[in-house]
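First the proteins, then the strands, lettered A, B, ... as listed; each starts at 1.
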Protein chains: 2
Amino acid sequence: MHSTIRDVAAHSGVSIATVSRALNTPELLNAETLAKVRESIEALDFMPSARGRQLRGVSTRLVGVVVPTLANPVFAESLQGIDEAASASGYRLMLMTTAYDSGRERRAIETLREQRVDGLIATVADAESNPLLDELDRIGLPYVLAHNDTACRAAVSVDNRRAARDGVRALLQRGHKRILMLAGSFAESDRARLRYRGYENAMLDAGLTPYAPLEMDFNAEELPASLLAHLSDPLRRPTALFCSNDRLAMIVIRGLRHAGLLVPGDISVLGFDGIPLGEWLSTALSSVATPNREIGRHAWRHLAKQLGLPDSKAIDEAANEANEPIPFKLPHNVRTGATIASYIEPAARMAALEPENPA
Amino acid sequence: MHSTIRDVAAHSGVSIATVSRALNTPELLNAETLAKVRESIEALDFMPSARGRQLRGVSTRLVGVVVPTLANPVFAESLQGIDEAASASGYRLMLMTTAYDSGRERRAIETLREQRVDGLIATVADAESNPLLDELDRIGLPYVLAHNDTACRAAVSVDNRRAARDGVRALLQRGHKRILMLAGSFAESDRARLRYRGYENAMLDAGLTPYAPLEMDFNAEELPASLLAHLSDPLRRPTALFCSNDRLAMIVIRGLRHAGLLVPGDISVLGFDGIPLGEWLSTALSSVATPNREIGRHAWRHLAKQLGLPDSKAIDEAANEANEPIPFKLPHNVRTGATIASYIEPAARMAALEPENPA
DNA sequence: TTGAAAGCGCTAACAG
DNA sequence: CTGTTAGCGCTTTCAA
């Protein structure tokens, strides 16, 4: 179906070596020969096979990317960052999604290895004790984790513990004391666990007792009974909810409204991720925002370094800046939206609600 | 760096053919030999090279996917659909983004051809007169367009004209007569043009004169002067805006609120795409919803058919259903959110606003 | 400046 | 059941 270098050689009456040179080192060829060969290439719709080339030992210039899902904008964003940075260096992406499933993670990495990717960027369910990654280490295939937050491996992320702590502090500063943390599945995510640690830290620092985390289903239509139980007593219920991700926060806000609670009037809600959509909600979602695109971009920079590529970022800058280490931890940012408010004592609230009270 | 089939053969004291068989047709081997070979494979961390295999003429089981950007959830969703369907058939995706740039489209397709993808699924800026696609036709590389709406090529999409027409009809049914259509760049998108045709159709059918379309910048922070001019006269301004995509609709709604106009009280807004996020806005976005994931899934089905794969969908069903043609046009769905309302005559409005009027 | 030839990792006859 | 061998499309010495 495809024409090969041999077809081109035959068509233009030269050797295959000459065709190869026309492709790779045209400057070494006689202008006429070159023109002739190029004509044949055109005529035959010849497109050199990366396969043949790579078999000769040349690198594939392919990077594998492994993400749980693109339905989560967090990963779509970071994929964008990787894509932009990698294509600028002439690398192509090979994408695999895992749906947080370890079987699929394994198959994904296998496939990518078979394709002889030069390296890979992955977000895995468990970054610390992960045999797949251990194997990559052993065989020496370069990889960088994105979003996973661990010191054991090359991993670009925010500092999840501190980010969560800062988020909770923002709530504490607004006078909240009964702050409950909600999470999707802890099993699914080392990140959720670190975020809970941050929550604990902030609470303990403030002399408060952390609640146990409340795990809830990511796809729930309604609030789980366990949460509703927490909310039943207006005087003792949490005054703020810290959700381990934005999607959860949105589900919760919707559920709270459904249950007749005002956000942030009755209860504040803080998310985590800072997905762009959050800002579009009419009550903009307050969230601990993470620089997802930058996470992707920096993951690439680390990988590029491992691959021995010149750092295009560094090239732009002054030479003496060139050896500045590429960061593994990126800054987070507590985005004060409109879903968190200062805590008001119940007594004061009642007073404020009395219409008779003069202004 | 990688060990090869030859290393394994040497390590286990068999021929390379035997190793190859251990990989591809293990049932043909003596159990002991097989075990021995597998041991060596383990010991050497051997992973067969897809390169070598494919060079022998076996298909790559790779599909190229070309989309403008993943920042638009529409494409992230359809990519998900492609991914799910393709991996179910054992195919892998190679992703390239183009940012609607024709140079990048060309490079993307070139790369994919070099990688010898078995076929590709693409969303291009211009589907009809596109030399790149013509070339694919000429060389016989199977491809299917997704979202592009044209009869000239295999393309899975909604019927953009009818979808837009139905959306505008929903506005007309609510009594709107002064309906203005806003679009991003027409140059960028054959789809936007078809949607304008649908708008025209609906208006003319209703005996109304269509407005000229108003093109506006996709990334604008504020409403363009041209639109503000349209809105200045409360009695003659459009009572509804039809936006050629949801992102635009969201920008417009924000801008309208900023300008002191109530949505949908003062003016209705209808989007197009039905991105999930729209439903999360506190005033849920009304939109002509397109089944993006299904578009991806069906694009794969068409490609799979061109590749001569058995249709996994058809297998599930009764045999007599098996030859049911795979649709090119998928159903759209006018999602009545909360940003469109019935038109109320100004007089009636004024009356309703007078607090003295009894209920 | 060009050609001949070896070989990259693998599969698939064809023998044994 | 297993080994030998001939390529697949390309790059890269080495010679001419």
d(CG, A/L23; P, D/dG9) in whole Å: 15 Å

What nucleotide, of C/dC10, D/dG9, D/dG3, holds the atom closest to the side chain of B/L55? D/dG9

Geometric class of the A/F75/A/Y100 ring pair [parallel <30°, tilted 30-60°, perpendicular >60°]: perpendicular

Ignoring hydrogens, what is the shortest heavy-atom contact between B/D137 and B/R153? Give both atom names and the distance. OD2-NH1, 3.2 Å

Are the charged groups of A/E135 and A/R113 less than 4.0 angstrom apart, N to O? yes

Just the rounded figure in Å: distance from P of C/dA5 to CZ of A/R56. 16 Å

Separation of B/R6 atom CZ from C/dT11 atom P, in whole Å? 12 Å

Taking only the side-chain nitrogens and oxygens of A/R51, find out if one of them lies under 4.0 Å from OP1 or OP2 of D/dG9. no

Between C/dG3 atom P and A/I5 atom CD1, what is the distance in whole Å? 12 Å

Side-chain contact test, heavy atoms from C-beta onward, threshold under 4.5 Å: evaluate it for A/L303 versus A/V63 and give yes or no. yes

Between B/L28 (CG) and C/dA12 (P), how many Å, whole number? 12 Å

Using a cut-off of 4.0 Å on non-hydrogen atoms, how would the nucleic acid contact of B/V19 be classed: base, sugar-phosphate, or nothing? nothing

Take B/S49 and B/H2 through the test side-chain hydrogen bond (donor to acceptor under 3.5 Å, both in side chains) and record every step on the way to the result. CA-CA 9 Å; B/S49 158; B/H2 282 110; over 6 Å; no

Phosphate-side-chain proximity, B/S15 and D/dT4, N/O vs OP1/OP2 below 4.0 Å: no

Take atom CZ of B/R116 and atom P of C/dC10, then tell me their distance rounded to the nearest Å. 20 Å

Comparing B/Q54 with B/T33, nearest DNA chain D nucleotide closer to 5' gives the residue B/T33

B/I16 has an atom CD1; how far is it from atom C1' of C/dA12, in whole Å? 11 Å

C/dT11 OP1/OP2 closer than 4.0 Å to side-chain N/O of B/S20: yes

What's the CG-C1' distance between A/N24 and D/dC10, to the nearest Å? 9 Å

Of the listed nucleotides D/dC10, C/dA5, C/dT2, the one nearest the side chain of A/L29: C/dT2

Comparing nearest nucleotides in DNA chain D, the 5'-proximal residue of the pair A/G52, B/R21 is B/R21

Counting heavy atoms from C-beta on, name the nucleotide in C/dC10, D/dC1, D/dT11 closest to the side chain of B/N30. D/dC1

